[in-house]
Undergrad: 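Have a look at this one.
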Amino acid sequence: MAGTVRMQTSNGRLVRHAMNDEERRPLTPTPTNLPASEIGKLIQTSPPDIAYIQYDISLEPKYLPQMRALIAKDLSEPYSIYVYRYFLYQWPELCFFAIDTSTPDRDLVAVVICKLEKHRCGPLRGYIAMLATQEGYRGKGLARTLVSKGIDLMIAKDADEIALETEETNVAAMKLYESLGFLRSKKLHRYYLNGNSAYRLLLYLKPGVASIPMDEYVDPYELPPSAQDDPMLVQGLEDREELFSRGIV
Amino acid sequence: MITHDITAQFHSATRHVTAGTLVKDDHFSLFEAVGALEIGDPKMDSGCLEPGESLDQEFDMTKDILPEELIWLMDELLNREEEDFTTQLFNRELLHKFAGESISQIAFEALIAVGESQINPQLKDAISARLGFRHEVLGMLMKHTNSEAPPSSHTTTMHQSLDAQQKSQPLSKPVSEAFSTKLQRRLASTVPPRPMVTVSMDQAWNFWHQMLDDCSNIFSVRQATHSQDLYIAYQIFAYSSPQPSTYPRALLQMFLTNENLVGSRIEPSYFLEEDIRSLTLPASQLLRVANGTYGRFCHGNQRVADAMQEFIDRFEHNFVNLYRALCLNSCRMRRTFCHALLEWDNLQAQVEELDAIIQEAVHEQRTPYLPGSPPTFSFSLSSWIYHHKLNILQLTIQMGFELAIYAPHELAGMYWYLSSICDIHLSHLERISHFVTAKDTEVKRSKMTPAVKEKAIKECKDALDRLYKQYAWIKATQLLAGTMHGIFVVLQRYGVFVNQQPLYSSDMMRYEIRMKPFLGLSIPEPLSHDDSEREVQMQNIDTEEILDQVTGFSADAKKAWEEVSKTTWNMFPITNDVNHASVLTERRTADLKDCLKAAIAASLCVLSLKKALKNDAWKEKAQKEARLPAPGVKGRWHRWWILPALPPV
């Protein structure tokens, strides 16, 4: 099938002319419009001796200590129990974990913790807060499965988008999320308390999310960590000019 | 103080609440939760002690120590620099109640005391070097507060002192209880908990050497006598590798506003007018000149005078903020530019109204701009805004390459977008040139006094020269971006850097994420995903044709960057600065050399891709082995031009 012919402009636009069908390449395929549950089936794995459990508050005595032990290994700073309860009390259903059914106590070996709420009075934003897999259980698709379960449920709950931050050096995590369709939306300089920078990753779930109006305020997490505990800096930062005048460099 | 024991009530209340329940109000956010401490957890609770342990520091600073221990303590303190620049270091105030002079005096007195002491000469020298260094650094910092650069001999002395300190470090003896974990536990009591970031002593010495150099080099920006040159100078530092550390960048910011003068030279409102004048309104009487003979001439039209004043008043902050943004760390700089784009877009729309008022007042005649198109007005003020907006847009896109924001499969699209923005900018510069040329003609025909006329003619000619220089830079960028676009499209056709069909979301929604900072702009009008894909993928053009075209582009890109390399960084006269004369030239030259290397690498890449056109075995190999070198890695010629590392054909 012949294409149209156009003259080359002074800007150096490419000349177009006829091309063979066999050389024609398809555009990057847009995904099938599968419902979330069907997408999950294509991603999630069920290795032997592994069971997946959705959290509820009655499981706290048994499994919260194990979650904390597993997650604390990966984090440089200690989180109090209130951080866990903040998520698990408000969004227990968005916490999924994997257990090894072959151990006598059916121990927890992987966990994901999420939340879902309106972001700056705008889009309904899912947030993947914590993800960890026990050493020895990695490479089996557990983290991927848990994340997928979390995403599927957030989609079912009408989330507009899903966000998370991950350390620049955490190649495995970035590979995981990017393979699921996340993109890096921004880089955060020395975001983590150990001095490492981070990327914010985003997944839009509905068209038009980018245009949902939001409240204009400065996200305290965008300030350098050393400035985050200064109440003067966090409150009342109405606009960019304030940011400059406070001497944040 | 009256206390009430509420233990019983508390226990009674908690019986009604199951474990795991969170009782909170609407203001208790995640931010608050992260700051909570668990009393009794030794990692978080500074009051939680081992049996026999005391709460306070056990280190007695008043007791005598050995000279070797003193050396160690001083070095440890040098090691603890805080990257992010606020007035608190680990929530400890840094003696801000004491004047620099008093501390400098104490250091000086200590230096004398050490000199007169009877300790071992080697240790004496080591301690003197350390004291002397602190004295010198304080002197430098105090000069900085007056925007004064220390002489280069001073900087050399400090470098030598650092070397002496580093050499004498083995003489030191640790005093580990002076930097105890008790302090670290105190850190964990702040909101949020914060571990001490430690660096090795080698890193510390390097950091200080680098910072001294930066503190000296940044003063070279004062060579600039014009807003346009200052912008280039600030950019040169923004894009230095490594970026200057926080303190020198803070100084660069300070230069912009110290004593309410930009660069210690000019008031912000005049600074703004100077920039507009030199780009779209040469020889215009609507703009004031600093220290000029005449004020603003508004053709006796009060409405114009008021509108001009309002515009200048409102805009001077936005304009100076462009320079301030260049002093931020690169992540924050890009985010700031994203916000600035929307602000400038809004302002451009508003200023078009001001342009209309001026048109009327000066009885501007429409002139046909492009052959065959309807006659139009100059819109000089909004043209100036659009020019800067397009600059910011280019920087924002390019910094995305530097910060590795774009996934490999996005590079074709982003390089295409960059080349299309450059296209638009080139057309815009042509438009501005057209109206500046018209002004030039008008001036030549006018009845001004000869001296005034000559000055006006020169202003117009210089404006056209500078427009050409800007044009050359953007043209080089556009050609190389076009080449990169072609390279990545062909690679995708070979199956390299293709997005592996992720199942969540869609390409259209990923396009929205990527283009979010730009979708809100009214001009340039954002493209829909379908239209963008059509331009990017060039489905109707076969691979061989693309490769032929980009062969031409890359050859032209090489020539274009060579042309740009022949120009100086400045477009206006610069002040003589013996100490810093060559810094900006050197860095810019190095940067342009890297762009040229990237252009050469691009043409070699195109050659390889041509050879591989029918080579399916190579394509399979490339799919597995192709890499994108990170900045600093071999094969990454320039932070903004990501040539892929491919297996040999």
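Residue numbers start from 1 in every chain, and the chains themselves are labelled A, B, ... in the order their sequence lines are given, proteins ahead of strands.
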Undergrad: Stepwise, does the side-chain contact (heavy atoms from CB on, under 4.5 Å) test hold for A/Asp152 with B/Tyr504?
TA: CA-CA 9 Å; A/Asp152 289 348; B/Tyr504 287 113; 2.6 Å; yes
Undergrad: Please confirm whether the backbone N or O of A/Gly208 pairs with a side-chain atom of B/Glu512, one donor and one acceptor, at under 3.5 Å?
TA: yes
Undergrad: Could you tell me which portion of A/Ile81 (side chain, backbone, both or neither) has an atom closer than 4.5 angstrom to a non-hydrogen atom of chain B?
TA: both
Undergrad: Report which part of A/Gln90 has an atom under 4.5 Å of a heavy atom belonging to chain B: side chain, backbone, both, or neither.
TA: side chain
Undergrad: Specify which of B/Ala340, B/Cys338, B/Ala33, B/Cys331 makes the most heavy-atom pairs with chain A at under 4.5 Å.
TA: B/Cys331
Undergrad: To the nearest 0.5 Å, how far apart are CZ in A/Arg184 and CG in B/Leu403?
TA: 10.5 Å
Undergrad: Can you tell me how far apart NZ (A/Lys187) and CZ (B/Arg332) are? Round to the nearest 0.5 Å.
TA: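 CZ of B/Arg332 is found 14.0 Å from NZ of A/Lys187.
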Undergrad: Between B/Ala407, B/Gly482, B/Ala404, B/Gly520, which shows the greatest number of heavy-atom pairs under 4.5 Å with chain A?
TA: B/Ala404
Undergrad: Kindly determine whether B/Asn329 and A/Arg190 satisfy side-chain contact (heavy atoms from CB on, under 4.5 Å), including the steps that lead there.
TA: CA-CA 10 Å; B/Asn329 68 67; A/Arg190 292 180 68 89; over 6 Å; no
Undergrad: Which residues pass the side chain to side chain donor-acceptor pair (under 3.5 Å) test with B/Asp530, not counting sequence neighbours?
TA: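 B/Asp530 satisfies side chain to side chain donor-acceptor pair (under 3.5 Å) with no residue once adjacent residues are dropped.
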Undergrad: I'd like to know which of A/Leu88, A/Ile43, A/Leu64 tops the heavy-atom pair count under 4.5 Å against chain B.
TA: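 If we count pairs closer than 4.5 Å to chain B, A/Ile43 comes out on top.
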Undergrad: Kindly compute the distance separating CG (B/Leu22) from CZ (A/Phe87), expressed to the nearest 0.5 Å.
TA: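 Separation between the atoms: 11.5 Å.
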Undergrad: Indicate yes or no for a side-chain donor-acceptor contact from B/Arg510 to the backbone of A/Leu203 under 3.5 Å, with no hydrogens or angles considered.
TA: no
Undergrad: Can you sort out the partners of B/Tyr511 under side chain to side chain donor-acceptor pair (under 3.5 Å), two or more places apart, ordered by chain and number?
TA: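 Here no residue qualifies.
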Undergrad: Hey, what do you get for NZ (B/Lys24) to OH (A/Tyr82), rounding to the nearest 0.5 Å?
TA: 15.0 Å
Undergrad: Step by step, work out the side-chain contact (heavy atoms from CB on, under 4.5 Å) result for A/Leu205 and B/Met509.
TA: CA-CA 7 Å; A/Leu205 299 168; B/Met509 289 190 270; 5.5 Å; no
Undergrad: Can you name the nearest heavy-atom pair linking A/Ser179 to B/Pro502, along with the distance?
TA: O-CB, 3.4 Å
Undergrad: Does the side chain of A/Leu183 come within less than 4.5 Å of B/His409's, by heavy atoms?
TA: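 With C-beta onward as the side chain, the pair touches.
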Undergrad: Can you tell me how far NZ of B/Lys516 sits from OG of A/Ser211, rounded to the nearest 0.5 angstrom?
TA: 9.0 Å
Undergrad: If I measure from the heavy atoms of chain B, does A/Tyr199 come under 4.5 Å with its side chain, its backbone, both, or neither?
TA: side chain
Undergrad: Heavy-atom cut-off 4.5 Å, strictly under: side chain, backbone, both or neither for A/Ser148 against chain B?
TA: both
Undergrad: Name the region of B/Phe28, side chain, backbone, both or neither, that has any atom closer than 4.5 Å to a heavy atom of chain A.
TA: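 Both parts, backbone and side chain.
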Undergrad: As an exercise, state the distance from NE2 of A/His189 to OG of B/Ser330, rounded to the nearest 0.5 Å.
TA: 7.0 Å
